[in-house]
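To start, the structure under review is shown below, and the notes come after it.
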Number of protein chains: 2
Amino acid sequence: MRQHTKTGTDRVTIAQVAREAGVSKTSVSRYLGGEFDALSAPLRDQISKTIARLGYQPSQMARGLKGGRTRLIGMLVADILNPYSVAVLHGAEAACQKHGYTLMLCNTGNDEAREKQSLAALHSYSVEGLLFNTQGRNVTPLRELGQAAFPVVLLDRHVEGCDFDLVGLDNVKAAQLATHHLLAQGYTDIALVVQPLFGVSSRQGRQAGFLQAMAQRSDCHGETLEVDVDQPGHVATVVREYFLRRAAAGSSGRVALLAGNGMVSLQIALALQSMSLRFPDDVGLLCFDELAWSPLVGSGISTIEQPTYDIGFTAIERLLVRIHGERSVRMEMLLDPRLICRGSTASVDGHPQRALASSIVSKIRPAPMAPASGS
Amino acid sequence: MRQHTKTGTDRVTIAQVAREAGVSKTSVSRYLGGEFDALSAPLRDQISKTIARLGYQPSQMARGLKGGRTRLIGMLVADILNPYSVAVLHGAEAACQKHGYTLMLCNTGNDEAREKQSLAALHSYSVEGLLFNTQGRNVTPLRELGQAAFPVVLLDRHVEGCDFDLVGLDNVKAAQLATHHLLAQGYTDIALVVQPLFGVSSRQGRQAGFLQAMAQRSDCHGETLEVDVDQPGHVATVVREYFLRRAAAGSSGRVALLAGNGMVSLQIALALQSMSLRFPDDVGLLCFDELAWSPLVGSGISTIEQPTYDIGFTAIERLLVRIHGERSVRMEMLLDPRLICRGSTASVDGHPQRALASSIVSKIRPAPMAPASGS
DNA sequence: CTGTTAGCGCTTTCAC
DNA sequence: GTGAAAGCGCTAACAG
């Protein structure tokens, strides 16, 4: 059947198909392009059979070289170890497969240099569009893409000075939902724990929603805690100091922590464990991002779930629309969050001893010298 | 309309560089290919400057079209939602970036059809090699690649009838390590809980190691439990039945579960929770795959950690060696596991009441009608 | 409807 | 050392 050349992988070319089918390359090309109205039935049939018989697969490299239809989409991910990124990737990959596109994946590891480098790599393969989820620093190369009207869809966060479409969570709404839930459950002293706000719009959005919701309750106290999740023990330190501060302020309220994303959630859970603090007994806990283990820790961790799969899927479809030439103005697609209620935010009504700043303090020993993660 | 190309930024071509530098395309090409010994210093300098000035980036599509050096590597992943796959992907992506390659990622979702389809897609982009981690069903297309001497490295599991290189865990050793640990901790009735062995070599390897280790202890009882992690509540049912069976057998031993991978671990943890069973009090638990949440559940889950990053990284480097033409015989690179000891396998010596089959049974109610996952 | 003729951007003989 | 020319596999004018 198949001719083996000495080169190993033998590629059947359009020329071979044309020859064997007794037609011109053009006709085969038209067949590939789906221009059936320009092909007679017998010709079409003949080509179809030959392609099947030879097991011909057109080279996307060659197709792409000509006009630009590489059917390639580049995806830049800030951190492949972040479950959020993977979940979004899952949806994006599915959408690509559905539409006959292939994903080129680059992990930037939150590193500027690698981001730039990845952008260059993707460009060199003539990707038709870009899905972008990464740190907001040094966005110059991105801006250039914007000026060139290159199709880009942003994931989760804006980039200053670029008018790209965005797909993500409705962060303000989500944070409000979260805060209202905690308030309703009887918590009065709430800390939003986030990675550095810097210029990250999604984090800022969550803070805005949080602040907004807290503002309606002057009898309650809200505070934003910035943490570095890569620095072992840092979250524990910050959280401990927060507790101490609340107690020093003479607060008699119930304390809850609102984790800004999955990475923070993990560090908080670890930190609380290291301090032997339990939820909801000692402190309430609500986390952004539903994770596989959310139901498992303690009596279960309440979460704000993002429709991550949909975010990825939607983003690709939006990108495809842009690729196909739509020139409309910038569009923002914000999907809805979902509250998943578990033990970590159980109501503290009627349990005045629970989750009090003062009662926590007695449990916290002075900060240890060693990092507090692990056990 | 606009005269910009589809790709937006007007692409600088090698011809432009050559013209502006006052040299031939050939020389520029040589420069790109690093053939400096065939270039005079002034020429080289001139080209270098021009490239920088124009911001020229060669088109990989065009380069690939000619000889085949696309600098593209395809990766087929069985399940992108499996943390193992992501962790390996992380290492693989890093290695690619290090060597100037780019990853094309396809998620097959354990689906034969999509696997075949993805293989075709990857082929159509002339990837130089393939990293393959997927279900062992219908391997015909893979075999063809083997016959064509196409560079492929298998991840984690063999494929029958193919002599590709393999990078993965030393499963036999890992399972032995795990089993010996459980035995040493005083557990006597151990069940290895795995997804269907089918033809998956890694699972078989783990079972082999398990059986081997158990065989040395005729006073202990080992059993393999196959579960379907996608069927809600199935793990709970199987585990429950196991407990009941052990009790019926009149066993007075201490029971432990050995989870065959991360997916199973999660389901087991969920199942135990749904049955209100705790570890190590009611049952010992040791899981393959170290996960972010392993320290968090209960008193921490003991795990067998795989060097996932290294597996991915090594696999790519091995693939690169093959791509660069090495023709040596099939090679298997099995990396070492690491035991991480936590509360879930705490010693039960001196606690005769703990982890006994008989004591568990009293806690298990008859199987519920509804799936037992969740709460 | 169908085929002929040019290239796409780059690498690679093969001359000079 | 350097360059001209001939393609790689495919698509896209432009005829018939």
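Below, read A as the first sequence line, B as the second, and so on, with proteins coming before strands; counting in each chain starts at 1.
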* Taking side-chain contact (heavy atoms from CB on, under 4.5 Å) as the test, write out the residues that go with B/M331, two or more places apart. => B/D165, B/R318, B/M333
* **B/E317: partners by side chain to side chain donor-acceptor pair (under 3.5 Å), with sequence neighbours left out** => B/K98, B/H99
* Asked: Tell me: CE of A/M61 to P of D/dG7, nearest whole Å?
  -> 22 Å
* To do: Rounded to the nearest angstrom, tell me the gap between atom CZ in A/R69 and atom C1' in C/dC8.
  => 15 Å
* To do: Just grab all the side chain to side chain donor-acceptor pair (under 3.5 Å) pairs involving residues 33-46 of chain B, residues at least two apart or on different chains.
  => B/D45-B/K49
* For B/S118, side chain to side chain donor-acceptor pair (under 3.5 Å) partners two or more places apart -> none
* To do: Pull out every residue in residues 17-36 of chain B that has a heavy atom closer than 4.0 Å to any atom of DNA chain D, ordered by number, or say none.
  => B/V23, B/S24, B/T26, B/S27, B/R30
* Between P of C/dG9 and CG of B/L65, the distance in whole Å -> 12 Å
* To do: Within residues 37-59 of chain B, find the residues that approach DNA chain C with a heavy atom at under 4.0 Å, and present them sorted by residue number.
  => B/Y56, B/P58, B/S59
* Structure fact -> The single option from B/T134, B/N110, B/N107 that satisfies side-chain contact (heavy atoms from CB on, under 4.5 Å) with B/E115 is B/T134
* Partner set under ring pair (Phe, Tyr, Trp, His ring centres under 6.0 Å) for A/Y31, not counting sequence neighbours -> A/F36
* Residue list, side-chain contact (heavy atoms from CB on, under 4.5 Å) with A/A315, at least two apart or on another chain -> A/L131, A/V153, A/L155, A/V167
* To do: Check side-chain contact (heavy atoms from CB on, under 4.5 Å) between A/A94 and all other residues, then give those that pass, not counting sequence neighbours.
  => A/Y309, A/F313
* Asked: With sequence neighbours left out, what residues match B/E20 under side-chain contact (heavy atoms from CB on, under 4.5 Å)?
  -> B/T50, B/R53, B/L54
* Pairwise P distance for D/dA6 and C/dT5, with rounding to whole Å -> 16 Å
* Asked: In terms of side-chain geometry, is the basic nitrogen of A/E128 or A/R71 positioned less than 4.0 Å from the acidic oxygen of its partner?
  -> no
* Asked: Stems in DNA chain C: runs of 3 or more consecutive Watson-Crick or G-U pairs, distances under 3.5 Å?
  -> C:1-4 with D:13-16, C:6-16 with D:1-11
* Among all residues two or more places apart in sequence or in another chain, which pass the salt bridge (charged side-chain N to carboxylate O under 4.0 Å, His left out) test with B/R327? -> none
* Of the nucleotides D/dA12, D/dG7, C/dC10, which has the atom closest to the B/K66 side chain? -> D/dG7
